[in-house]
Amino acid sequence: MSPQAPRGTRDILAPESARLRALVESFAAAAELAGYGQVVSPMFEQIEVFQRVGEATDIVSKEMYQFRDPGDRHLALRPELTASLARAFVQHRPPLPWKAWYEGPQFRYEKPQAGRFRQFHQVGAELFGSDDPQADVEVIALAWRFCRRLGLGELRLVVNSLGDRSDRETYRAALSDYFQRRAGELSAPGRETLRRNPLRLLDSRRPEDRAVLAGAPVIDDYWCESATEHFGAVRSGLEALGIPFERDPRLVRGLDYYRRTAFELASDALDGAQDAVGGGGRYDGLVADLGGPETPGVGFALGSDRLLLACDAEGTFPAPAAAADVFVVDTTGGAAATLVAEELRGAGIRAGRAFDGRSMKAQMKAADRSGARWALLIGPDEQDAGEVSLREMRGHGAAASAESVQRRVRRAEVAAEITRLLVAAAAEGSAP
RNA sequence: UUGGCCGUAGCUCAGUUGGUUAGAGCGCCGGGUUGUGGUCCCGGAGGUCGGGGGUUCAAAUCCCCUCGGUCAACCCA
């Protein structure tokens with residue numbers, strides 16, 4: 001049996017890889033418009049970076065790829081990037097507010113399924129050093145604006161507030177009390193969840209648990225004044241921007257470090273259980289947990305793979321066209337094609353060619369399939385005359401409905417002539 | 001980690017109650033006379049039937065294990 005990509009990983013080949021790259025570029029543009037700078041952080045960290053962030057979360061307790069390097073350092077492939085960014089913040093202490101965006105693969109040991117991989121890609125942004133609700137609004141708006149730019153329409157923004165640290169703790173205790181009293185009615189796995197982290201029970205999908213949930217205490221009653229005020233400001237900020245959202249008091253998110261604002265973006269176009277394309281929130285206290293000064297922060301991450309699945313479902317954000325401009329057909333052996341193709345590429349023209357001395361017919365077929373606008377023919381005739389034949393392929397430009405047109409061009413003027421034609425076509429296309 | 005469904009050429013799939021050299025479409029390669037693609041016609045290459053073990057005179061077809069995919073629980077992007 002020949003080797004395969006490890007379970008839950010995959011090769012992303014040409015058209016799709018260009019699409020992923022375009023998505024990242026689009027995100028970079030959106031983030032940088034808002035003043036976020038890119039951070040490229042290591043693919044792995046000292047394991048404590050993630051452990052300090054939440055022992056109770058599955059992501060760190062059982063889904064981390066961990067290993068010891070030859071120097072016996074205990075390391076982990078990053079399962080998420082907020083912790084890495086917080087570590088980088090503590091290490092470099094950049095001026096506040098520090099606005100950073102990132103992109104790249106992350107790793108979680110999970111059972112793969114559609115929209116869930118062991119190596120997956122995210123884009124995200126973090127804002128450190130401000131507890132202004134307007135910062136929350138800016139961050140959410142960035143995520144929203146980016147998704148809209150991808151063409152996603154069936155998107156749902158869900159927001160909640162988990163209150164301050166102490167609010168969260170008292171609520172957690174109250175919730176725990178409540179569930180303890182009715183533990184008998186919970187499902188078996190639900191009781192286990194209750195033991196580990198009662199908050200997690202809030203978004204259980206099991207019917208028994210949901211029934212018990214109906215009478216559970218609501219977070220709203222545990223907010224302190226400032227948390228209430230903060231959440232109010234976030235909501236009115238979103239309203240002012242015309243960003244639609246719904247409030248879900250049971251939204252808790254998986255990472256333990258969230259305080260106050262938590263939000264999630266889900267796509268209604270995705271069927272199946274994995275409909276969340278991203279989420280985020282405020283993590284005041286995370287920086288301190290990593291040994292830095294008390295520093296508030298808010299941010300989000302979006303799953304690139306799932307965003308693209310959602311785009312597929314909505315038929316938007318197609319792969320950028322990769323068609324060549326010119327395909328060189330050489331029946332004199334192939335060396336002439338090399339010279340012309342390299343010359344054209346040097347002039348910024350996308351040029352393809354065939355190898356292995358294939359027949360003219362075969363080369364023409366290849367030219368057709370390459371999607372090139374022109375075939376550039378070099379045979380003995382052209383070579384003797386110091387010329388090439390430039391054939392406009394049907395389906396392009398003026399020749400779309402008529403027969404393909406073909407004419408001779410001086411060999412020395414080929415690059416200039418094609419450049420001229422490309423410029424003319426671009427002008428025509430941009431100013432119809 | 002738990003459970004359901006699935007795994008046949010590069011891709012999408014057929015393969016009757018186990019029975020001889022495993023098929024189709026698409027794609028790929030070549031050809032249809034004198035250098036010219038997209039349509040059409042002809043031909044060709046390509047499969048240890050995911051892998052291993054077992055039952056049987058005989059297994060793609062039955063059983064077990066394993067790997068992988070998928071769906072759901074869990075969790076999350």
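All chains are named by letter (A, B, ...) in the order of the sequence lines, taking the proteins before the strands, and each is independently numbered beginning at 1.
One atom, CG of A:Leu270, and another, P of B:U70, lie 14 Å apart when rounded to the nearest Å.
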With a 3.5 Å cut-off and sequence neighbours excluded, list the donor-acceptor pairs that the side chains of residues 144-156 of chain A form with protein atoms.
unit_1, atom_1, unit_2, atom_2, d
A:Arg148, NE, A:Leu152, O, 3.2
A:Arg156, NH1, A:Asp268, OD1, 2.2
A:Arg156, NH1, A:Asp268, OD2, 3.4

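A distance of about 43 Å separates the P atoms of B:U16 and B:C75, rounded to the whole Å. Between B:C65 and B:A24, the distance separating the two C1' atoms is 33 Å to the nearest Å. B:C13 and B:G51 have their C1' atoms separated by 22 Å, with the value rounded to a whole Å. Across B:A58 and B:C42, the matching C1' atoms stand 38 Å from one another, rounded to whole Å.
A salt bridge links A:Arg10 to A:Asp305: one of the charged nitrogens lies within less than 4.0 Å of a carboxylate oxygen. Salt-bridge formation is not detected for the pair A:Glu45/A:Arg78: no Lys NZ or Arg NE/NH1/NH2 atom is positioned less than 4.0 Å from an Asp or Glu carboxylate oxygen. Ion pair A:Asp312/A:Arg19 flagged as a salt bridge, since at least one NZ, NE, NH1 or NH2 atom sits closer than 4.0 Å to an Asp/Glu carboxylate oxygen.
At least one cation-pi condition fails for A:Arg235 and A:Phe245: the charged atom is not both under 6.0 angstrom from the six-membered ring centre and inside a 45 degree cone around its axis.
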Which string of ( ) [ ] | and . matches RNA chain B, if you list each base 5' to 3' and count Watson-Crick or G-U pairs only when both distances are under 3.5 Å? (((((((..((((.....[...)))).(((((.......))))).....(((((..]....))))))))))))....
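Here the nucleotide nearest the side chain of A:Lys361, chosen from B:C71, B:G68, B:G37, is B:G37.
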